[in-house]
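Working notes, beginning with the structure itself.
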Amino acid sequence: MKISKESIISLLILLFFVFNSCSSTDDPQYVPPTLVNFEESGLLGQPISIGLENFEVDKLQVFFDTEKARIDGSSEKGITVIVPRTLKRSNPTLKIIDLNENKTIFEKTFLLKKPVIKNYSSESISFNETLSIYGENFDTDKDFVSVFVNDEKAVIVNSDYNKIEIQIPTKLVKANLEVKVKSQLQETSSAPSLVLKNPVIKSVQSNEAWLGQIIYVDAENINPNQEFGEVYVNGIKSYFSVRDNKLEISMPPGPFKDFIITNITYKTAGLTTSFDSNIKILGEYIVVDYIENANVPFTVFVHNNKAYALKHPTSENGEFNRNYTLLEFSPSTEKWTELSTFHYNGYIVNAVYDNDDTLYLYKMSVSDQSFSLSKLNLNSFKETQLTLPSNKIVAPIFFAYQDSLYLLSGLNNNDGQISVRDQKYKYSKNSNNWTTLSSSAFEGLPLVSQYSAGGNPCDYIFNGGNIYISYGINFKTYKIAPNLSVTTYPYQHYFEYDNNIFGRYNNFFNYLYNIVTNASKPMALDSLFGYGESFFTINNEVYYLKNSSTAYYQNSLYTQKLGKDFLNGL
């Protein structure tokens with residue numbers, strides 16, 4: 001059969017159309033996924049819905065910024081993804097990538113929901129209570145929630161999306177509380193009012209206490225962190241601790257006026273509670289004042305019903321270059337003040353008062369080892385230089401009595417050769433001259449020994465027209481009567497009270513004696529008085545200086561007042 005050329009051409013054209021038709025049907029054109037809708041905000045770790053069309057779930061990737069999100073579920077209407085907890089900001093960019101074409105098919109800002117504080121479980125709160133914060137958009141994971149009270153981080157007890165339970169932090173200095181919640185990578189501040197409850201002192205567990213003893217005070221709403229509280233006993237800031245809603249207060253030594261604790265005050269976070277008490281202070285003394293950085297080397301004396309003391313700083317360098325000033329003690333305030341009317345730079349060996357109006361100052365020049373003498377009028381504070389019988393007398397017996405100054409015995413130092421002097425001199429304030437006394441004068445007073453610290457300085461008490469002196473050669477006291485007769489007592493004198501002189505017997509450290517009657521009473525004298533002997537009596541109140549021996553007022557000199565009960569019977 002003969003096939004025509006035209007037939008072949010027609011057949012080829014037909015086959016071309018047939019093949020083209022089959023190819024178009026087997027490989028249709030690709031249609032990418034289409035976003036229908038999405039949740040524009042959400043919470044960390046929680047799902048959000050994204051509506052899609054024409055998608056293959058295993059060909060999609062979802063990112064919040066650079067954090068890949070887990071696809072948690074899908075349906076014909078779209079997918080559900082979990083907002084990553086690893087987000088770094090609250091407004092990440094949400095991106096959907098089609099893996100078929102490796103293209104981003106959607107990119108838009110997503111917002112984490114902002115936390116909201118609505119109210120609290122209470123409008124006032126104590127340090128010992130738990131506060132519930134109600135609101136929205138918090139978190140169930142405590143690691144993703146922070147709460148600050150007055151900018152102090154609080155301990156979170158429980159956390160949910162609508163409620164956070166916290167413990168109130170203790171490092172608070174204000175009672176009005178601002179609460180800040182950080183969640184969903186955002187911060188919100190409180191709008192509701194919240195304050196600390198007022199502390200209350202309910203009772204004191206004792207009606208008497210020793211100084212240094214712990215007293216226990218029952219209280220409410222106190223700060224368990226004692227570093228953010230303060231306790232005052234009779235207005236004195238005191239050491240304390242807190243345990244089980246109790247203040248455990250270490251009784252301060254003073255300064256007190258009387259042997260009664262009349263008030264205890266507690267402060268924290270700007271709140272104050274005060275409790276009136278009637279606690280008897282047990283023991284033999286209270287501190288009425290203290291002097292910082294002070295050394296008082298000479299006898300404290302009473303002039304015009306006020307006490308006076310020469311002092312120099314303990315922190316001074318150099319033994320012989322000291323800055324002396326004069327302190328004045330008022331019996332009405334029981335406080336010391338430093339007078340501006342007297343200053344001396346140098347070295348004062350001894351200073352004695354004449355029980356009238358004059359303070360005699362025995363001074364040493366270090367350069368040539370010589371001595372000089374002056375008298376200070378305590379009414380005008382005018383200082384007058386005096387001559388000396390000799391300017392080389394070391395450590396004389398030095399005291400003033402009945403308008404006269406006595407300079408007895410002492411030592412000679414001739415190129416290191418020490419010898420005892422037996423000369424005795426008297427200076428008359430009225431005639432302003434020196435006289436030499438006979439060797440029999442004051443023969444009851446032993447001469448200075450080259451092996452003692454004799455006359456360096458002299459301690460004295462004026463009592464009943466007599467002067468009682470001791471001068472370091474032994475532990476005895478010598479009474480000099482107006483007729484200059486000498487009576488010896490085998491005691492070291494301490495103080496006068498009720499016209500009696502009290503002291504201790506050498507080597508009997510635990511008894512206090514009436515040095516005239518020999519009556520005694522057991523007492524831990526070293527514990528009570530320390531090693532100081534600076535006693536003075538005003539208005540029949542006995543005071544003495546003692547170095548600080550407690551944690552209070554370190555590196556200071558206490559002025560302590562004796563109680564009187566323990567002196568009864570002496």
Parallel, tilted or perpendicular: ring planes of Phe502 versus Tyr497, cut at 30 and 60 degrees: tilted
Plane angle bin for Phe301 and Tyr353 - parallel if under 30°, tilted between 30 and 60°, otherwise perpendicular: parallel
Distance flag, aromatic centroids of Phe275 and Tyr266, threshold under 6.0 Å: no
Expected output: side-chain Asn150 to main-chain Glu152 donor-acceptor under 3.5 Å: no
Lys564/Asp498 ion pair, N-O < 4.0 Å: no
Check: Asn433/Ser431 side-chain N/O donor and acceptor closer than 3.5 Å: yes
Shortest non-hydrogen contact between Glu496 and Phe462, atoms and distance: OE2-O, 3.5 Å
Ion pair Glu227/Lys171, N-O distance below 4.0 Å: no
Residues Asp218, Lys246: salt bridge by 4.0 Å N-O rule: yes
Flag, side chain of Asn463 to backbone of Asn466, donor-acceptor distance under 3.5 Å: no
Distance-only donor-acceptor check, side chains Asn432 and Tyr427, under 3.5 Å: yes
Polar contact flag, side-chain donor to acceptor under 3.5 angstrom, Glu292-Tyr290: no
Minimum-distance pair of heavy atoms, taken over all atoms of Ser238 and Ser250: CB-O, 4.1 Å
Derivation of the ring-ring contact (aromatic ring centres under 6.0 Å, His included) call for Tyr543 and Phe329: CA-CA 11 Å; Tyr543 304 90; Phe329 180 87; 5.0 Å; yes
Heavy-atom closest contact (Thr273 atom, Val200 atom, distance): OG1-CA, 3.8 Å
Pair Tyr552 and Tyr239, ring centroids less than 6.0 Å apart: yes
Test item: Leu407 and Leu388 side chains (from C-beta on) under 4.5 Å apart, heavy atoms: yes
Sub-4.5 Å side-chain heavy-atom contact between Leu172 and Leu196: yes
Close side-chain approach of Ile260 and Ile281, heavy atoms under 4.5 Å: no
Heavy atoms from other residues, nucleotides or ligands near CG of Asn555 exceed 12 (cutoff 6.0 Å): no
Derivation of the salt bridge (Lys or Arg N to Asp or Glu O under 4.0 Å) call for Arg504 and Asp526: CA-CA 11 Å; Arg504 81 177 188 190; Asp526 285 345; 3.0 Å; yes
Residues Gln560 and Tyr544: side-chain donor-acceptor under 3.5 angstrom: yes
Among Asn295, Asn293, Asn547, side chain to side chain donor-acceptor pair (under 3.5 Å) partner for Thr314: Asn293
Full working for ring-ring contact (aromatic ring centres under 6.0 Å, His included) between Trp336 and Tyr558: CA-CA 11 Å; Trp336 292 98; Tyr558 287 176; over 10 Å; no
Donor-acceptor contact below 3.5 Å, side chain Asn514 vs main chain Leu570: yes
Distance, nearest 0.5 Å, that separates CZ of Phe320 from CD1 of Ile348: 13.5 Å
Stepwise side-chain hydrogen bond (donor to acceptor under 3.5 Å, both in side chains) check, Asn430 with Ser428: CA-CA 5 Å; Asn430 296 326; Ser428 171; 4.8 Å; no
Backbone of Tyr553 reached by a side-chain donor or acceptor of Ser556 within 3.5 Å: yes
Any donor-acceptor N/O pair, Asp354 side chain to Asp403 backbone, under 3.5 Å: no
Contact summary for Ile469 and His493, nearest pair of heavy atoms: C-NE2, 4.0 Å
Close side-chain approach of Tyr478 to Pro446, heavy-atom, < 4.5 Å: yes
Trp210 and Phe259 aromatic centres sub-6.0 Å: no
Check: Asn225/Thr170 side-chain N/O donor and acceptor closer than 3.5 Å: yes
Distance-only donor-acceptor check, side chains Gln226 and Ser241, under 3.5 Å: no
Centroid-centroid distance, Tyr494 to Tyr513, less than 6.0 Å: no
Cation-aromatic face contact Lys311/Tyr324, 6.0 Å, 45 degrees: no
Within 6.0 Å of NZ in Lys197, more than 12 heavy atoms from elsewhere: yes
Tyr489 side, atom OH; Ser470 side, atom OG - distance, nearest 0.5 Å: 14.0 Å
Neighbour count >12 (heavy atoms, 6.0 Å) for atom CZ, Phe381: yes
Crowding at NZ, Lys561 (>12 non-hydrogen neighbours, <6.0 Å): yes
Salt-bridge criterion met for Lys202 and Glu220 (N-O under 4.0 Å): yes
Residues Asp276 and Asn263: side-chain donor-acceptor under 3.5 angstrom: yes
Check: Asn221 side chain, Asn198 main-chain N or O, donor-acceptor pair, under 3.5 Å: yes
Side-chain touch Tyr471/Phe398, heavy atoms, less than 4.5 angstrom: no
Backbone of Val231 reached by a side-chain donor or acceptor of Lys237 within 3.5 Å: no
Within-4.5 Å side-chain heavy-atom neighbours: Leu408 and Phe399: yes
Heavy atoms from other residues, nucleotides or ligands near CD of Glu443 exceed 12 (cutoff 6.0 Å): no
Val149 vs Leu177 side-chain heavy atoms within contact, under 4.5 Å: yes
Ring-ring centroid check Tyr460 Tyr468, cutoff 6.0 Å: no
Polar side chain donor-acceptor pair, Tyr491 to Asn518, under 3.5 angstrom: yes
Asn539 side chain vs Glu541 backbone, donor-acceptor pair below 3.5 Å: no
Over-ring placement of Lys267 relative to Tyr232, 6.0 Å and 45° cut-offs: yes
Any Tyr406 side-chain heavy atom under 4.5 Å of Val352 side chain: no
Side-chain (Lys257) to main-chain (Val288) donor-acceptor, under 3.5 angstrom: no
Centroid separation Phe371 to Tyr362 less than 6.0 Å: yes
Closest non-hydrogen atom pair between Tyr285 and Leu211, with its separation: O-CD1, 3.4 Å
Crowding at CG, Asn568 (>12 non-hydrogen neighbours, <6.0 Å): yes
Pair His303, Asp356: side-chain N/O donor-acceptor within cut-off below 3.5 Å: no
Heavy-atom closest pair, residues Ile264 and Ile249: CG2-CD1, 3.9 Å
Carboxylate-amine/guanidinium contact Lys392 Asp368, below 4.0 Å: no
